[in-house]
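Below, each value reflects all heavy atoms present in this structure, side chains not excepted, and no hydrogens, waters or symmetry copies.
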Amino acid sequence: MGSFPLRAAPSAGALYPIELYVVVNNVRDLQQGLYHYSSRRHALDLVKTDDYRARITRCCLYQDFVGQAAVALVMTAIFHRTTDRYGQRGNRYVYMEAGHISQNIYLQAASLGLGSVAVGAFNDEKLNTLLGVDGQEEMAIYVHAVGKRAGELE
Ligand SMILES: Cc1cc2nc3c(=O)[nH]c(=O)nc-3n(C[C@H](O)[C@H](O)[C@H](O)COP(=O)(O)O)c2cc1C
């Protein structure tokens with residue numbers, strides 16, 4: 001809206017505490033690796049090229065489908081963006097917002113004919129280390145595996 005950046009999901013106070021990382025496992029014309037989503041530019045910034053399939057599976061408590069999916073979208077939260085204004089109540093808002101973003105991921109995946117699975121079972125420390133976030137100021141809170149459905153793979 002003019003020079004004020006808005007997003008596709010609502011955010012308490014428009015403070016946007018959630019960051020999004022993309023672990024690219026298997027996408028045509030995109031190098032395998034870890035990317036950070038820039039909401040300002042609606043673009044992906046490469047953090048590191050690597051084959052993360054085994055590692056992201058391990059992070060998600062050996063749930064194989066996460067490493068087999070085309071991508072794993074990892075939300076992190078920077079809680080103080082919201083709690084600085086709203087105090088303890090802000091913690092709730094951050095998780096509510098993760099739910100809104102999750103729903104957008106499901107809707108967008110469906111509109112692209114892809115499958116998606118929300119993943120809440122993961123090892124916090126391992127996943128934060130994979131992302132290169134400190135687990136204090138910024139921490140992983142939610143993962144979504146997105147890709148072709150079983151039976152629709154080439
Ligand atoms: C907060 C949350 C955490 C979840 N964590 C996992 C998970 O770690 N592994 C998994 O296979 N599914 C996980 N799911 C997906 C549910 O198992 C799934 O949504 C449910 O079985 C219903 O299936 P459907 O979403 O395909 O309709 C999670 C869902 C939510 C909302």
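For the pair Glu97 and Pro10, the tightest heavy-atom approach, listed with the atom from each and the gap, is CG-O, 3.7 Å. Residues Ala9 and Asn104 approach most closely at CB-ND2, 3.8 Å, considering heavy atoms. Closest heavy-atom contact between Cys59 and Leu130: SG-CD1, 3.9 Å. Closest approach of Val146 and Ala69 over heavy atoms only: O-CB, 3.7 Å. Nearest heavy atoms, Val66 versus Thr57: C-OG1, 4.5 Å.
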Between Val23 and Leu73, does a side-chain contact (heavy atoms from CB on, under 4.5 Å) hold up when you go through it step by step? CA-CA 6 Å; Val23 177; Leu73 305 173; over 6 Å; no
Might you work through the side-chain contact (heavy atoms from CB on, under 4.5 Å) test for Leu34 and Asp50, ending with a clear yes or no? CA-CA 7 Å; Leu34 175 66; Asp50 209 340; over 6 Å; no
Test salt bridge (charged side-chain N to carboxylate O under 4.0 Å, His left out) on Arg81 and Glu19; report intermediate values, then the result. CA-CA 11 Å; Arg81 286 183 187 162; Glu19 297 289 321; 2.8 Å; yes
Stepwise, does the side-chain contact (heavy atoms from CB on, under 4.5 Å) test hold for Asp45 with Tyr35? CA-CA 5 Å; Asp45 293 320; Tyr35 296 77; over 6 Å; no
Evaluate Ser102 against Met75 for side-chain contact (heavy atoms from CB on, under 4.5 Å), listing each step before the verdict. CA-CA 9 Å; Ser102 169; Met75 288 184 219; 4.2 Å; yes
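The OG1 atom of Thr82 lies 11.5 Å from the CE atom of Met96; values are rounded to the nearest 0.5 Å. Distance check, rounded to the nearest 0.5 Å: NE2 of His36 to CG of Leu46 gives 12.5 Å. Residue Ile78 holds its CD1 atom at 10.0 Å from CD1 of Ile18, rounded to the nearest 0.5 Å. Atom CZ of Phe65 and atom SG of Cys60 lie 7.5 Å apart (nearest 0.5 Å). A distance of 8.5 Å separates OG in Ser116 from CZ in Arg149, rounded to the nearest 0.5 Å.
Neither Val74 nor Ile101 shares a network with the other; the hydrophobic side chains, linked directly or stepwise wherever heavy atoms of I, L, V, M, F, W or Y lie under 4.5 Å apart, form separate groups for each. Residues Leu112 and Tyr37 are members of one and the same hydrophobic cluster, defined by side-chain heavy-atom contacts under 4.5 angstrom among Ile, Leu, Val, Met, Phe, Trp and Tyr. Both Val22 and Val27 are assigned to one and the same hydrophobic cluster, defined by single-linkage of ILVMFWY side chains at heavy-atom distances under 4.5 Å. Note on Val71 and Val119: separate hydrophobic clusters, where clusters join Ile, Leu, Val, Met, Phe, Trp and Tyr whose side-chain heavy atoms are under 4.5 Å apart, directly or indirectly. Residues Val47 and Leu20 are members of separate hydrophobic clusters, defined by side-chain heavy-atom contacts under 4.5 angstrom among Ile, Leu, Val, Met, Phe, Trp and Tyr.
When side chains are defined from C-beta on, Lys148 counts as touching Leu114, because their heavy atoms get closer than 4.5 Å. Tyr52 has its side chain out of reach of Gln32: every pair of non-hydrogen atoms, C-beta onward, lies at least 4.5 Å apart.
For the residue pair His144 / Tyr106, no side-chain donor-acceptor distance below 3.5 Å is found, with atom types taken as modelled. Judged by distance alone, the side chains of Asn128 and Glu125 never bring a donor and an acceptor atom under 3.5 Å apart. Between the side chains of Gln31 and Thr49, no donor N or O sits under 3.5 Å from an acceptor N or O.
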Residues 133-143 side chain polar contacts: donor-acceptor under 3.5 Å, at least two apart:
from	atom 1	to	atom 2	distance (Å)
Asp134	OD1	Gln136	N	2.8
Asp134	OD1	Glu137	N	2.9
Asp134	OD1	Glu138	N	3.1
Asp134	OD2	Glu137	N	3.4
Glu137	OE2	His80	NE2	2.9
Glu138	OE2	Tyr21	OH	2.9
Glu138	OE2	Thr76	OG1	2.7

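Under the ring pair (Phe, Tyr, Trp, His ring centres under 6.0 Å) criterion, Tyr62 pairs with no residue, sequence neighbours left out. Taking the side chain to side chain contact (heavy atoms under 4.5 Å, CB included) definition, one finds that Arg85 meets it with Leu15, sequence neighbours left out.
A ring-centre distance under 6.0 Å is not found for Tyr86 and Phe79.
Checked for salt-bridge contact, Arg55 and Asp51 miss the test: no charged N lies under 4.0 Å from a carboxylate O.
In this structure a side-chain-to-backbone donor-acceptor pair under 3.5 Å is present from Gln63 to Ala121.
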